[in-house]
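Report on the structure given below.
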Amino acid sequence: MVDVPAATSALAALRAAGVPLLASCENGVCRTCECGMLSGQPIHRDSVLSKDARGHRFIPCVSRATGVLKLDL
């Protein structure tokens with residue numbers, strides 16, 4: 001489990017924990033860091049995922065979650 005402090009992106013927290021995620025823009029528009037989402041309540045702040053994709057995909061450079069979010073990395 002990786003804790004994500006309020007002032008830290010999920011991407012930065014995952015990288016700090018040793019998860020090798022690629023990223024390009026880090027603004028939620030390029031999809032480079034897109035990953036699968038298995039469960040949880042995301043707060044999508046990206047501008048690229050479709051309504052359908054928001055049910056199972058996550059953009060960790062800008063998006064957050066309420067509580068625990070289980071990702072498919």
Side-chain angles (χ1 to χ4, degrees):
M1 178 153 48
V2 176
D3 288 322
V4 181
T8 304
S9 71
L11 176 64
L14 289 165
R15 284 177 166 173
V19 178
L21 278 176
L22 296 176
S24 183
C25 74
E26 297 192 27
N27 290 311
V29 297
C30 74
R31 301 181 84 135
T32 303
C33 65
E34 181 178 344
C35 56
M37 181 180 65
L38 302 173
S39 64
Q41 293 294 326
I43 301 169
H44 292 288
R45 294 181 177 163
D46 65 272
S47 58
V48 294
L49 292 179
S50 68
K51 185 177 180 180
D52 179 57
R54 288 174 181 255
H56 58 94
R57 305 296 294 167
F58 187 71
I59 306 290
C61 67
V62 293
S63 298
R64 310 269 317 159
T66 57
V68 176
L69 189 68
K70 187 174 181 181
L71 299 176
D72 182 11
L73 303 172

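Taking NZ from Lys51 and NE2 from His44, the interatomic distance works out to 12.0 Å, rounded to the nearest 0.5 Å. The distance from the CG atom of Leu11 to the CZ atom of Phe58 is 10.0 Å, given to the nearest 0.5 Å. Residue Ile59 holds its CD1 atom at 7.5 Å from SG of Cys30, rounded to the nearest 0.5 Å. Taking SG from Cys33 and CG from Leu14, the interatomic distance works out to 9.5 Å, rounded to the nearest 0.5 Å. In this structure, CG in Leu21 is found 7.0 Å from CZ in Arg15, a value given to the nearest 0.5 Å.
Contact check on Asp46 versus Arg31 returns no salt bridge, with no Lys/Arg side-chain nitrogen under 4.0 Å from an Asp/Glu carboxylate oxygen.
Contacts of Arg45 classified as side chain to side chain contact (heavy atoms under 4.5 Å, CB included), with partners at least two apart in sequence or in another chain: Ile43, Val62, Ser63, Arg64.
Annotation for Gly28 and Cys25: closest pair N-SG, 3.6 Å, computed over non-hydrogen atoms. Between Val2 and Ala17, the shortest heavy-atom contact is CG2-CB, 3.7 Å.
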Less than 3.5 Å apart, which donor and acceptor atoms pair up between the side chains of residues 65-73 and the rest of the protein, not counting sequence neighbours?
unit_1	atom_1	unit_2	atom_2	d
Thr66	OG1	Gln41	O	3.4

